[in-house]
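Have a look at the structure below before the remarks.
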Amino acid sequence: MKGIVESRGKAAAGEVSEYEDSSFSAQVIAWQKQHGRHKLPWQNTRDAYRVWLSEIMLQQTQVAAVIPYYQRFLERCPDVFSLAAAPSEDVMALWSGLGYYTRARNLHKCAQRVVAEYGGRFPEDPELLADLPGIGRSTAAAIAAFSYGRRAAILDGNVKRVFARVFGVDGYPGAKPVEDRLWLRAVALLPPQDIESYTQGLMDLGATLCVRGKPACERCPLAGRCVALAQDRVAELPVSKPRKAVPEKETVMLVITHGEDVLLEQRPDSGIWGGLLSLPEIGVADAARFDTAVRTLVAPYGELAGCRKLQPFSHVFTHFKLHVAPFQVALSSRSQAIAERGLLWYPAHRLADAPLPAPVKKLLLGVLGTRDLLSVV
DNA sequence: TTCCAGGCCT
DNA sequence: AGGCCTGGAA
């Protein structure tokens, strides 16, 4: 019973209380009015067409790069009707240089749908906006807020960064669960009015003060409540995208010896360790039937005298990690006909100068150092 | 020179 | 989850 009460109490303190935290939005709004950007070409208008056009251009593209494109675009296509009627080549030409050309194709399609389905007037409902091509949840909210004063939450990269720092949000903001929680915050923090200033304020904070590197915390209106700043974790938040787990592969390498010689294999020119000599390998699938695999491999080359497991090791490449399970196999006799498989007997005393991959050479020299290499196990 | 962020879509 | 494409950072 007590546990339930406590956990509910915790949740309320951590999340729900912010629903009533009007000071957050108030601080953002006050800062925006005094220090935010007010003179951008797409501001000071409620023309949904202009707002929409600017928001699409501003996806993945910085303000400075967008401005000349925005103005040129508006000269050629001053309204949604002219854009809808324009040839695609013209639209693409106007977009040329901005990148992410799917945006331009979606822009054109969207204009045509707004004309066909809404008589040329962008809908006010963020959910309807988000159904249009190229408009996701965040862009829909921005358009609805700036064009119609609708109380809708944005969550773009800038806002994620601000939230991650102010509230000390751990975890990569692009990850589903983290992003879901950020959306909850974004909605809960929405002010009752002044949605335009608030929305623009969040964008401007992220773009001008709460930037990725070297944020200007001394000028930030949220510094007094910023968890990252208080904990000196501004540089660590938001958590950067986790490197995709390096694929891992495993193999079994055989150190096959006879007398003073080791059996080496010429590797193909392409692929890992291309063109080098290395040890013969068998797949890990064969490890279950290890004895059989070894005998099958070795039989053509001589009599099996002994076998033992060596110290496993791993090697990290740029694109994967290789786990190697080496085994030593000693032969009491050997045949000569081995060249057809790219195999060759190599004198142990020349291994130090052999064209071997570093980890393989290390393995062989290590085994050699024990003097066990040359003895029958 | 390489690495990474960024909103939407498939 | 990965591709799109570029500018800015490392």
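Convention: sequence-line order gives letters A, B, ...; per-chain numbering from 1. It should be emphasised that the depicted structure is a prediction, and the values quoted were computed from it without experimental measurement.
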Taking A:Val51's backbone N and O only, do any of them form a donor-acceptor pair with A:Ser54's side chain (distance below 3.5 Å, no angle check)? yes
Pair A:Phe167 + A:Phe163: ring centers closer than 6.0 Å: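 Yes, ring centres under 6.0 Å apart.
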What is the ring orientation for A:His315 with A:Trp273, classed by angle as parallel under 30°, tilted 30 to 60°, or perpendicular over 60°? tilted
Could you tell me how the ring of A:Tyr49 sits relative to the ring of A:Trp52: parallel (under 30°), tilted (30 to 60°) or perpendicular (over 60°)?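 Rings of A:Tyr49 and A:Trp52: tilted, as their planes differ by 30° to 60°.
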Taking atom P of C:dA9 as reference, at what distance in whole Å does atom CD of A:Gln62 sit? 8 Å
Spacing of CD1 belonging to A:Ile67 relative to CG belonging to A:Leu40, to within rounding of 0.5 Å: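 One finds 6.0 Å between CD1 of A:Ile67 and CG of A:Leu40.
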For A:Gly213 and for A:Gly97, find the nucleotide of DNA chain C with the closest heavy atom, then tell me which residue's nucleotide is more 5'. A:Gly97
Heavy-atom protein contacts under 4.0 Å, nucleotides 2-9 of chain B, coded B base, S sugar-phosphate only, - none: -SSSBBSS
